[in-house]
Amino acid sequence: LPTPLIVLKTFYTQIQLAGVQEAAFSTAYRVYISSGIALVLGIAIGTLDYFSETFSDLINSLFYPTQFISEAVLTLVAITIIGLSPAIIYIITVIAILPDIFVVVQEGLKDIDGKILELGEIYSESSLRTYRHLVLPQLIPYILSGFLRAHATAWEIVATVEIFLIAGGLGQLSQNYYQLLNLPKLFSVVLVILSLGLLSDRAFRIIKKRIDRRYLEDEHQDQRII
């Protein structure tokens, strides 16, 4: 096995290569697009209880069981049905991370003060306006918490599915180095994935912290006291 120093030197060399940079961009692009789609769908599914509990239970029964199926199995099933399509990466990633968002949003919906919703329904002309002005703003901390978990998981899933589909990106690059038994480059690519994932996660956590200060009065007061 290569020493950590050799891996770091290889990592420094690799990140300057155009091929590695293009692979990193492809993987990151797929992660962000998949996470964005999952965020929109997760909010919609998570807040279905506000409109229809029956329909919400039906959707839950369809998506939640995917948490117990590995992305490798989901990929093979998708390939069998769809074929070797790049769209599979987005489909599998969204399906796998969707529960991370809508389950948290559903819990947040339960914590909303019922009296506030009653007042909104009384003084509002439609439930959609109440949903937009009262429900969604109070769910933002929950939505961001679910998104952080989903986004972190997406990095792992996208890289894994790229290996199966041979679809480029850091996943395929790591597979190529594995087949060549080039361990320094293999570990350096893994380090690239880890670094990008951590930096991206950190950026979103900073955003979440700032939004939490706005929506959570207790935390905002604590910050002012400090």
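Since the structure is predicted, the reported quantities are computational estimates derived from the model, not experimental observations.
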Chemist: Passes side-chain contact (heavy atoms from CB on, under 4.5 Å), I193 versus T27? Steps please.
Modeler: CA-CA 9 Å; I193 298 174; T27 299; 5.8 Å; no
Chemist: Quick one, V31 and I157 - any side-chain contact, counting heavy atoms below 4.5 Å?
Modeler: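 In short, these two side chains do not touch, never coming nearer than 4.5 Å.
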Chemist: In this structure, would F25 and V158 fall into the same cluster of hydrophobic residues linked by side-chain contacts under 4.5 Å?
Modeler: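 Each belongs to a different hydrophobic cluster.
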Chemist: If every non-hydrogen atom of G108 is compared with every non-hydrogen atom of L139, which pair is closest and at what distance?
Modeler: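 Where G108 meets L139 most closely, the heavy atoms are C-CD2, 3.4 Å.
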Chemist: So which of Y177, Y178, F11 actually passes side chain to side chain contact (heavy atoms under 4.5 Å, CB included) with V189?
Modeler: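 Result for side chain to side chain contact (heavy atoms under 4.5 Å, CB included) with V189: Y177.
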Chemist: Would L17 and L191 show up in the same hydrophobic cluster when neighbours are defined by side-chain heavy atoms closer than 4.5 Å?
Modeler: yes
Chemist: Hey, does the side chain of Q14 reach the backbone of V20 with a donor-acceptor pair shorter than 3.5 angstrom?
Modeler: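 Judged by distance alone, no pair lies under 3.5 Å.
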Chemist: Would you check if Q175 and E162 make a side-chain contact, meaning some heavy-atom pair closer than 4.5 Å?
Modeler: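 Not in contact.
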Chemist: Check whether E107 reaches the backbone of V103 with its side chain - one donor and one acceptor, N or O, closer than 3.5 Å.
Modeler: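 Looks like no, no N/O pair under 3.5 Å.
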Chemist: Between CZ of R210 and CZ of R205, what distance do you get to the nearest 0.5 Å?
Modeler: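 The CZ atom of R210 sits 15.5 Å away from the CZ atom of R205.
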Chemist: Drop me the distance from F147's CZ to I101's CD1, to the nearest 0.5 angstrom.
Modeler: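 The CD1 atom of I101 is 7.0 Å from CZ of F147, to the nearest 0.5 Å.
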Chemist: Does one hydrophobic cluster hold both V135 and I211, with members joined at side-chain heavy-atom distances below 4.5 Å?
Modeler: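 Yes, because V135 and I211 connect within a single hydrophobic cluster, where side-chain heavy atoms sit under 4.5 Å apart.
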Chemist: Between T160 and E156, which heavy-atom pair has the shortest distance, and what is it?
Modeler: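 Nearest pair, atom of T160 first, then E156: OG1-O, 2.8 Å.
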Chemist: Are L148 and I206 co-members of a hydrophobic cluster defined by side-chain heavy atoms under 4.5 Å apart?
Modeler: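 No, I206 and L148 fall in different hydrophobic clusters.
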Chemist: In the structure I gave you, are the side-chain heavy atoms of I143 and V104 within less than 4.5 Å of one another anywhere?
Modeler: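 In short, these two side chains do not touch, never coming nearer than 4.5 Å.
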Chemist: How many angstroms lie between atom CG of L194 and atom CG of L199, to the nearest 0.5 angstrom?
Modeler: 9.0 Å
Chemist: Atom CD1 in I95, atom CD1 in I37: separation rounded to 0.5 Å?
Modeler: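 One finds 11.5 Å between CD1 of I95 and CD1 of I37.
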Chemist: If we only count heavy atoms from C-beta on, is the V192 to L170 side-chain gap below 4.5 Å?
Modeler: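 Counting from C-beta outward, V192 and L170 do come under 4.5 Å.
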Chemist: Please round to the nearest 0.5 Å and tell me the distance separating atom CG of L136 and atom CD1 of I43.
Modeler: 7.0 Å
Chemist: Membership question, hydrophobic clusters at under 4.5 Å side-chain separation (ILVMFWY): are L186 and I6 in the same one?
Modeler: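 Per the 4.5 Å side-chain linkage, I6 and L186 are not co-clustered.
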Chemist: If you take all heavy atoms of H151 and S200, which pair is closest and at what distance?
Modeler: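 Heavy atoms only, the tightest pair is NE2-OG, 2.7 Å.
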Chemist: Main chain of S34, side chain of T93: is a donor-acceptor contact present, judged purely on distance under 3.5 Å?
Modeler: no
Chemist: Are any of the side-chain heavy atoms of S174 and I163 separated by less than 4.5 Å?
Modeler: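 When only atoms from C-beta onward are counted, I163 and S174 do touch, with a gap below 4.5 Å.
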Chemist: Please name the residue in the list T10, V7, L8 that meets the side chain to side chain contact (heavy atoms under 4.5 Å, CB included) test with F187.
Modeler: V7
Chemist: Do S35 and I97 come within less than 4.5 Å of each other through their side chains, counting heavy atoms only?
Modeler: yes
Chemist: For a 4.5 angstrom cut-off between non-hydrogen side-chain atoms, does R202 reach L198?
Modeler: no
Chemist: Give the minimum heavy-atom separation between R149 and D100, together with the two atoms involved.
Modeler: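 Of all heavy-atom pairs spanning R149 and D100, the closest is NE-OD1, 3.2 Å.
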Chemist: State, to 0.1 Å, how close A23 and L173 come at their nearest heavy-atom pair, and which atoms those are.
Modeler: CB-CD2, 4.3 Å
Chemist: Under the rule for side-chain contact (heavy atoms from CB on, under 4.5 Å), what residues qualify as partners of A28, not counting sequence neighbours?
Modeler: Y32, W155
Chemist: Quick one: CZ on F102 to CG on L41, what's the gap to the nearest 0.5 Å?
Modeler: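 Separation between the atoms: 10.5 Å.
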Chemist: At their closest point, which heavy atom of Q106 faces which heavy atom of I45, and how far apart are they?
Modeler: NE2-O, 4.0 Å
